[in-house]
Structures are given as C-alpha cells and as structure tokens.
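See structure below.
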Amino acid sequence: MIVSKDEILNLRVKTNWENYMEKVKPIVEKVKEEGDKALIEFTVRFDGVRQRYLRVPKDEIDRAYDSIDDEILDALEIAKENIERFHSITSVDRDIKIDFGDCILGKRYTPIESVGVYIPGGKRSYPSTALMSGIPAKIAGVDRLIACTPPNRDGKINPLTLVACDLAGFDEIYAVGGAQAIAGMAYGTESIEKVEKIVGPGNVYVTAAKLIVQRDVAIDMPAGPSEIMVIADEYANPTFVAFDCLAQLEHDPMSIAIVLTSSKEKAQKIDEIARNEGKGLNLENLKLCIVDSIDEAIEISNAVAPEHLSIFCRDAERYLDKVKNAGSVFLGEFSPVACGDYASGTNHILPTSGYARVFSGLSVETFMKHFTYQILTKSALKRIGDAVVKLARAEGFELHARSVEIRVRECENGQVR
C-alpha cells in the first residue's frame, strides 16, 4: 500500500499502557503477597497447565541436549561464538583512568550482581533470545543470571530454549511466564530469589508488568511490536526488500514494515512480491512511500526511530553518519535483518515504538553500572579550592565550603607536593 509521508510519520498506534497496567497490577500484587502459590495459580489460569516444578531441574536441562538435532546445536554454537565475539570486543573499558598531572580522575564499571531475563515461549521457542540476553550478561560479569519463560502444555520448557540457556550460562531457569514471572523476579517468592534488574522482550502484559515493577527494580526498556524501515534506491533488489519486510510481519499481526523509496516502479514491484509471498500475514501493516531523495528518507527515518533500519542503496555505508535514531542498522543488500536476529553477533533485543530516540539495544553495558573516582593532590586542591568554596556558599552550603577551606589552609601551611 503506497501512502503519504505524513501517514508514515503518524503510523504507530499509541499503546494505552495505563489500561494494561491496571489489568496487570492485581497479578503483580498477588504474586508479591502470595509468592509461589500465585505463580502456580496464574500459570493454570493463563497457560492452562499445572507445573510439576517452577525451577527446571538440572537433569531436564541435560536431557534437552539429547532431543535436539546436532545441526541445530551446531547453529546455536555458531551464533554463540559470534555474539560473544562482538559483545566482548565492543564492551566498554572497565576502568577508565586519566592522569591530569595534579589529580587522577576515573570511571569504573562493575556488573549488576543479579539479573532476571524474560524469554518469550509457550507455543514457540526463542533460543536466540536466551543467547542474546545471557551472553552479554555473563561477559559483563553478572554473578546470578536467571531466566523465566512460559511452559508449554506439558508444563515443560522447549528443549531448544533450555539448551540455549545452558550455553549462554544461565544459573537458574524457571517455567513461568507472563506478568506473574516479572513480579516473581522483581519481588521474589519461595522459589525465586529477587533480582536487581529485569530485561528481555515480551507481550503487552509483560511490558506493563515491567513498567509497574520498575519502581522497585531496574528494567532495560519498554517493548512493542517488531518493526522495520527500509530505505531503497532505484538499484535495490525488490525481492530482497519484500522478504525483509515479510520477515518482520511474520513476528506478530501488530508488526510494522515501512519502505521508503525514491522509485515508484520499485515500490510497486516490492508491493507485488510481498502480496504474492506474504499470504496469511497482516499486509495492511506494510506501507510504501515515495520520497524525493535518499536524504529525505533518512530524515523521515530519524523522526520515526525504527527498531530495524535497512539501507538498500548503492554505497549504503556513506549514509551511516546521517543516521541518528535506530535500534540496529543493516547496510547493503546482503545484510538481512534475520542475520542480526540470530547469528551475525549484534543484539536483537532492541528499542521499538520510537524508543530508539532515547534507548539503546541490549549490550554488555546493560548489565553494568559505573562509579567515578578521584585522587586529588594538594596542588589540585589549591587550584580548584577557591571556586568550590565560592560555589558552595552561593548555594548556601557553608559546611561544604569549610570542608575545603580547612584543607586549603593545611596546604598553605605545609609542604605542597
């Protein structure tokens, strides 16, 4: 469907989070008050299954390896290797120490000690999410890393997810999903010890629960339906563009795919291919727009701040400097989003719904925090002391000022190094 530029800029349907939070609040409160009992009751109500356990036993994780094909295990290992490599290399220096001569200033990163990850599940298995969340967490040095994921109708976790969690280094896995899982990780139950931060994608109820509990624990970011924006010039392969759009629409009926192209002929061809190949998908959420130039397309993209931005243009890399807001960027025709979803090495847990303006995708830094430090010599104190005293008194903090003055006086009376 070819639409106007204005329609692209107003495409997203605003989620009424207050409405979902009101629905989820009683679930969160009940888990907070009743612990495991509430987790079990809600799993029966929402998932239709009564579990034999909440924490997945070690022997079941071990048996999971026997139930998956060797080729799939090899694929998980390849993905793990690439994710580890990228996240290790791009991780921030743990100790940034700068010697200014008369003082040393620094910033030190330390891991969050306990983190809970929500991994969607139930009817489908998402081993890739286990790898994308668990690997950077362990690189960061998270000591206790737990996963919560919904059980299937047999009350078990899909073997693929179990193996991926094990490969990623999760310390505990729990067969519980939905808003109740978020509450369990945030406040703790008899079986689940509370964590300090919760990350991972989920449906609107999971996200609503995260928004409620963030008053008490940290979260990564709000999550919405998956989305892609493709910028294509007259040289773009329309089949590649169409399939990347369909791949995103495959996630969810609410997923969005947008194509901005300078060629009306390309837009029509992309639309034709998508309609032939995308039967069963919500193609109403595929929008195509004709732009005057690629630079204009970049401007629209920066305004939309898409989760995935694909640039199908000649010399695509030259446009990278102009991108300001995007969850992850894919340059050139042979960089499909699906590779980023699984095995190229970058992370697929990304900001949606325009949150790329202020949030970043999951990384090693997601699982760390930092503190600054300083070592001042007497000469450094003398150099800045007068400014500190004046500013402290300007703000009405006399004892701040005096805490510096008594030290400056000591420097003046003694030997200055």
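Residue numbers count from 1 along this sequence. Atoms considered below: every heavy atom in the structure, side chains included; atoms not considered: hydrogens, waters and symmetry mates. Because the structure is a prediction, the values reported are computed rather than measured.
- Within 6.0 Å of CD in E317 there are 12 or fewer heavy atoms belonging to other residues, nucleotides or ligands.
- Using bins of under 30°, 30° to 60° and over 60° for the plane-to-plane angle, the ring pair Y205/Y20 lands in the perpendicular bin.
- Contact check for F312 versus N237: no side-chain heavy atoms found under the 4.5 Å cut-off.
- Taking the six-membered ring where tryptophan is involved, the planes of F240 and F334 are perpendicular, since the angle between them exceeds 60° and thus also 30°.
- Looking at T129 and H348, their side chains do bring a donor and an acceptor atom within 3.5 Å of each other.
- The shortest heavy-atom contact between F367 and A140 is CB-CB, 3.7 Å.
- Residues S328 and T346 approach most closely at OG-OG1, 4.5 Å, considering heavy atoms.
- For CG of D70, the number of neighbouring non-hydrogen atoms (other residues, nucleotides, ligands) closer than 6.0 Å is 12 at most.
- Atom CG of L286 and atom CG of L246 lie 7.0 Å apart (nearest 0.5 Å).
- Within the 3.5 Å criterion, the main-chain N or O of D47 finds a donor-acceptor partner in the side chain of R153.
- A heavy-atom distance below 4.5 Å is found between the side chains of V199 and L362.
- The residues K382 and D102 are annotated as not salt-bridged, no charged nitrogen and carboxylate oxygen being separated by less than 4.0 angstrom.
- Of all the heavy atoms in P306 and A356, the pair that sits closest is O-CB, 4.1 Å.
- Note that CG of D295 is 3.5 Å distant from NZ of K322, once rounded to the nearest 0.5 Å.
- Counted within 6.0 Å of OH on Y187, heavy atoms from surrounding residues, nucleotides or ligands total more than 12; the atom is thus considered enclosed.
- Here the shortest heavy-atom pairing between A392 and A401 reads CB-N, 3.8 Å.
- Counting non-hydrogen atoms of other residues, nucleotides and ligands closer than 6.0 Å to CZ of R314 gives a total of 12 or fewer.
- The neighbour count for K25 NZ, taken as heavy atoms of other residues, nucleotides or ligands under 6.0 Å away, does not exceed 12.
- Of the possible donor and acceptor atoms, none in the side chain of N285 sits under 3.5 Å from a partner among the backbone N and O of I256.
- Between the CD1 atom in I157 and the CD1 atom in I61 there is a gap of 10.0 Å [rounded to 0.5 Å].
- Looking at V304 and L9, their side chains come closer than 4.5 Å, going by heavy atoms from C-beta outward.
- Contact between S353 and G224 at its shortest, heavy atoms only, is OG-CA, 3.8 Å.
- S191 and T189 form no side-chain donor-acceptor contact under 3.5 Å, judged by distance and modelled atom types alone.
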List the steps, then state whether side-chain contact (heavy atoms from CB on, under 4.5 Å) holds for I406 with R409.
CA-CA 5 Å; I406 60 173; R409 195 176 303 121; 3.9 Å; yes
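- A 6.0 Å sphere centred on NE2 of H251 holds more than 12 heavy atoms belonging to other residues, nucleotides or ligands.
- Within a 6.0 Å radius of NZ in K369, other residues, nucleotides and ligands contribute more than 12 heavy atoms.
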For L76 and L160: C-alpha separation, side-chain torsions, deciding distance, then whether side-chain contact (heavy atoms from CB on, under 4.5 Å) applies.
CA-CA 9 Å; L76 288 174; L160 265 178; 4.1 Å; yes
Using the side-chain contact (heavy atoms from CB on, under 4.5 Å) rule, take I349 and S133 through it: C-alpha gap first, then chi angles, then the decisive distance, then the call.
CA-CA 8 Å; I349 301 175; S133 54; 3.9 Å; yes
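- Within the 3.5 Å criterion, the main-chain N or O of I192 finds no donor-acceptor partner in the side chain of R55.
- No donor-acceptor pair under 3.5 Å is formed between the side chain of N347 and the backbone N or O of S363.
- Using a 4.5 Å heavy-atom threshold, the side chains of S226 and H308 count as touching.
- Counting only distance, with no hydrogens or angles, the side chain of S91 and the backbone of S88 share no donor-acceptor pair below 3.5 Å.
- Between D220 and the choices Q214, K210, K197, the side chain to side chain donor-acceptor pair (under 3.5 Å) rule is met once, by K210.
- Counting heavy atoms from C-beta outward, F86 and S344 have side chains that stay 4.5 Å or more apart.
- In this structure, the side chains of I173 and I119 stay at 4.5 Å or more apart for every pair of heavy atoms.
- With a 4.5 Å cut-off on side-chain heavy atoms, I231 and I298 count as touching.
- A salt bridge is absent between D166 and K58: the closest approach of a Lys/Arg side-chain nitrogen to an acidic carboxylate oxygen does not fall below 4.0 angstrom.
- With a 4.5 Å cut-off on side-chain heavy atoms, P151 and Y174 do not count as touching.
- Distance alone, capped at 3.5 Å, is enough to place a donor-acceptor pair between the T261 side chain and the A232 backbone.
- The backbone N or O of A297 sits nowhere less than 3.5 Å from a side-chain atom of S301 that would complete a donor-acceptor pair.
- Heavy atoms only, all atoms of each residue included: E196 and E113 are closest at OE1-N, 3.1 Å.
- Under the side chain to side chain contact (heavy atoms under 4.5 Å, CB included) test applied with I198, the options V206, I146, V115, V213 reduce to a single match, V213.
- One finds the CG atom of L162 at 10.0 Å from the CG atom of D62 (value rounded to the nearest 0.5 Å).
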Residue pair E29, E34: steps toward the side-chain contact (heavy atoms from CB on, under 4.5 Å) verdict
CA-CA 9 Å; E29 290 300 322; E34 299 182 12; over 6 Å; no
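- Remark: side-chain polar atoms of N282 are not paired, donor with acceptor, to backbone N or O of M254 under 3.5 angstrom.
- With hydrogens and angles disregarded, a donor-acceptor distance shorter than 3.5 Å links the side chain of N82 to the backbone of A343.
- Using a 4.0 Å cut-off between charged side-chain N and carboxylate O, E190 and K37 make no salt bridge.
- Within 6.0 Å of CZ in R50 there are 12 or fewer heavy atoms belonging to other residues, nucleotides or ligands.
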Hey, mind stepping through T352 and E307 against side-chain hydrogen bond (donor to acceptor under 3.5 Å, both in side chains) and telling me if it holds?
CA-CA 5 Å; T352 60; E307 177 189 16; 5.8 Å; no
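- Ring orientation note: the planes of F42 and F46 are close to parallel, at an angle under 30° on the 30°/60° scale.
- Here CD of E410 is found 10.5 Å from CD of E412. Values are rounded to the nearest 0.5 Å.
- With hydrogens and angles left out, the side-chain atoms of S125 and T161 include a donor and acceptor closer than 3.5 Å.
- D99 places a side-chain N or O within 3.5 Å of a backbone atom of G101 that can act as its donor or acceptor partner.
- Note that CG of D244 is 5.0 Å distant from CD1 of I228, once rounded to the nearest 0.5 Å.
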